[in-house]
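For reference, the structure discussed in these notes is given below.
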Amino acid sequence: MYLRYVFVVIAFCFALAVSAAAADEYLSPALQTNEVILTPKPGPAPRINGPEVYGARPGHPFLYRIPTQGERPIKFSAKGLPRGLHLNSHTGIITGFTPKAGEYTVTLRAKNKYGKDSRSFKIASGETLALTPPMGWNDWYAHYDRITDAKMRQAADILVSSGMADVGYQYVDIDDCWMNCRRNNDPMQFGPFRDQNGNILPNKHFPDMKALTDYIHAKGLKAGIYTSPGPRTCGGFAGSYGHEAQDARQFANWGFDLLKYDWCSYSHEVTNPPSLADMKRPYELMGSLLKQQNRDILMNLCQYGMGHVWEWGAEVGGQSWRTAGDLGNSLDHIFQVALNNSEHAAWQKPGAWNDPDYIQIGWVGIARKYGQPRKFPFTPTEEYSFMSLWCLMGSPLFYSADLTRLDDFTLNVLCNPEVIAIDQDPLGKGARVIFVGDNQFLMVKDLENGGHALGLCNATESPVDMTANWSACGLSDAQHVRDLWRELDLGDYTGSFSARVPPHGVILVRLGAVK
Ligand code: GLA
């Protein structure tokens, strides 16, 4: 069995390094173009993906596009769909109104000329939303203050055409800069903050917000928006200070499904440093206002981890909270970001997620410094590591980079359904970290079915032989191991599992106790 794994690891290293003779050449710039696609291409037969459980509030509008890979046309059906919900058999989009509180177990089915698939899906009607980490795309690290209605529509189109929506990416989020500001090079963003009745005004790049969310919803996707509790956003655009109730109502009327609420200039409204009560106040207010709306709106707290937000983010009505500052500034330390974020794993549960910030692979950029997005110099190994770490943590999976430049390699990293299933596991645990050497650690995530996900994480600059001892991981002595990126069973391992891990690499496997 060991020999079998040695073979797989050799193949892995070979695939990543292709003709590189020495392991320490993995990081050479030339190799950054050796983008080896590890995951088998999805076949033409239907494969239903997405979370196993989905929370929604009773009586509110319901919208769920069944994430399904496979060649269209696909015919969808559902057994046990509660009254009030309707499935469009061509698009696989479920709409209607969420039934009264309770749990409804539905069997989703998809069929085309190549085959069929079915899957159990639990609709949990109640107060808790985001029972699994929210997934989607946010425009910030692609468009910054150049965001427009047309770019948002294009993003929704690409989420569907690229297949991202077929593995569960769902929210299409506008970040900062959709409002007006006082001074800007772009005259389209210059204008009054509010109308004479105090209603927030989008800038001229957003002629009709309701039409935009209608467009996104028609694809079965959801729409997110951004503001600040302060008078100004971080980009200097109009914030919600003093208009919170009006803005919450407006976001609901426009049809938004998520609000990112970014602290920014709120610092000027409170003592320096702010007290814990000061930190909570704006989020308590917005959290309760969003709950009063007639639709489900998630709240993402963005205040960079102040006041141990993971301890109270859920209590004030948030479904996720950033645990640190902007990842755009520390992309070269993704392993450290993951370690820091994992320290708060105990606070995470269904409906309450630590957010280490967006997935930034492919074409990303730094707004003001570089203007247009650029290809971020991650090695292929590091792109895989990024996604592996985020899924082991059970983080919200928001891609924030230029969708128009997505290539097959990055798409493959973003769209492996078995890897995503680790993130979306209904138990909602974040992985625990076990150090096994300097800058070498294991991440072990408990899964709902009693199994585990394991990451062997090498944050060093050299390849390392790493071993996960089952006893040190708190696991029973014989484990079946599956390589998730390759979707390949490696066999049963007694006592431990070893792998050669490339520099800045993560070997991601799923484990199941051998009976
Ligand atoms: C802050 C947030 C970022 C982004 C910008 C927008 O820096 O942390 O994620 O929303 O503001 O100005």
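Predicted model only: the values in this text are computed from it and were never measured. The first residue of the sequence shown is numbered 1, and numbering continues consecutively from there. Order of listing sets the numbers, starting from 1, for every ligand and every atom in it.
Taking any N or O of W140, backbone or side chain, none lies under 3.5 Å from an N or O belonging to ligand 1. In terms of polar-atom proximity, D357 is not counted as a contact of ligand 1, lacking any N or O under 3.5 Å from an N or O of the ligand. By the 3.5 Å distance cut-off applied to N or O atoms, Y358 is not counted among the residues near ligand 1.
Side-chain contact check for Y384 and N412: at least one donor-acceptor pair (N or O, by modelled atom type) lies under 3.5 Å. Looking only at atom types and distance, the side chain of D257 has no donor-acceptor partner in the side chain of Y171 under 3.5 Å away.
Which parts of ligand 1 touch G235 is read off a 4.0 Å heavy-atom cut-off, strictly below it: atoms 12 (O). Short contacts between ligand 1 and Y304, defined as distances under 4.0 Å to a heavy atom of the residue, involve ligand atoms 8 (O). For ligand 1 and K260, the ligand atoms under 4.0 Å from any heavy atom of the residue are 3 (C), 4 (C), 9 (O), 10 (O). Those atoms of ligand 1 that come under 4.0 Å of a heavy atom in C302, given as number and element, are 2 (C), 8 (O).
If you look at D262 next to ligand 1, the close heavy atoms, those under 4.0 Å, all belong to the side chain.
Looking at D326, N138, D145, it is D326 that brings a heavy atom closest to atom 8 (O) of ligand 1.
Relative orientation of the W312 and Y283 rings is tilted, given thresholds of 30° and 60° on the angle between their planes. The aromatic rings of Y54 and F62 sit perpendicular to each other, their planes meeting at more than 60°, with 30° as the lower class boundary. In this structure, Y266 and W263 have perpendicular ring planes: the angle between them is above 60°, well past the 30° mark.
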Inset, instruction - Evaluate side-chain hydrogen bond (donor to acceptor under 3.5 Å, both in side chains) for T410 paired with W363, printing each intermediate quantity in order. - result: CA-CA 9 Å; T410 299; W363 287 80; over 6 Å; no
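Two rings, from Y169 and Y399, have their centers 6.0 Å or more apart.
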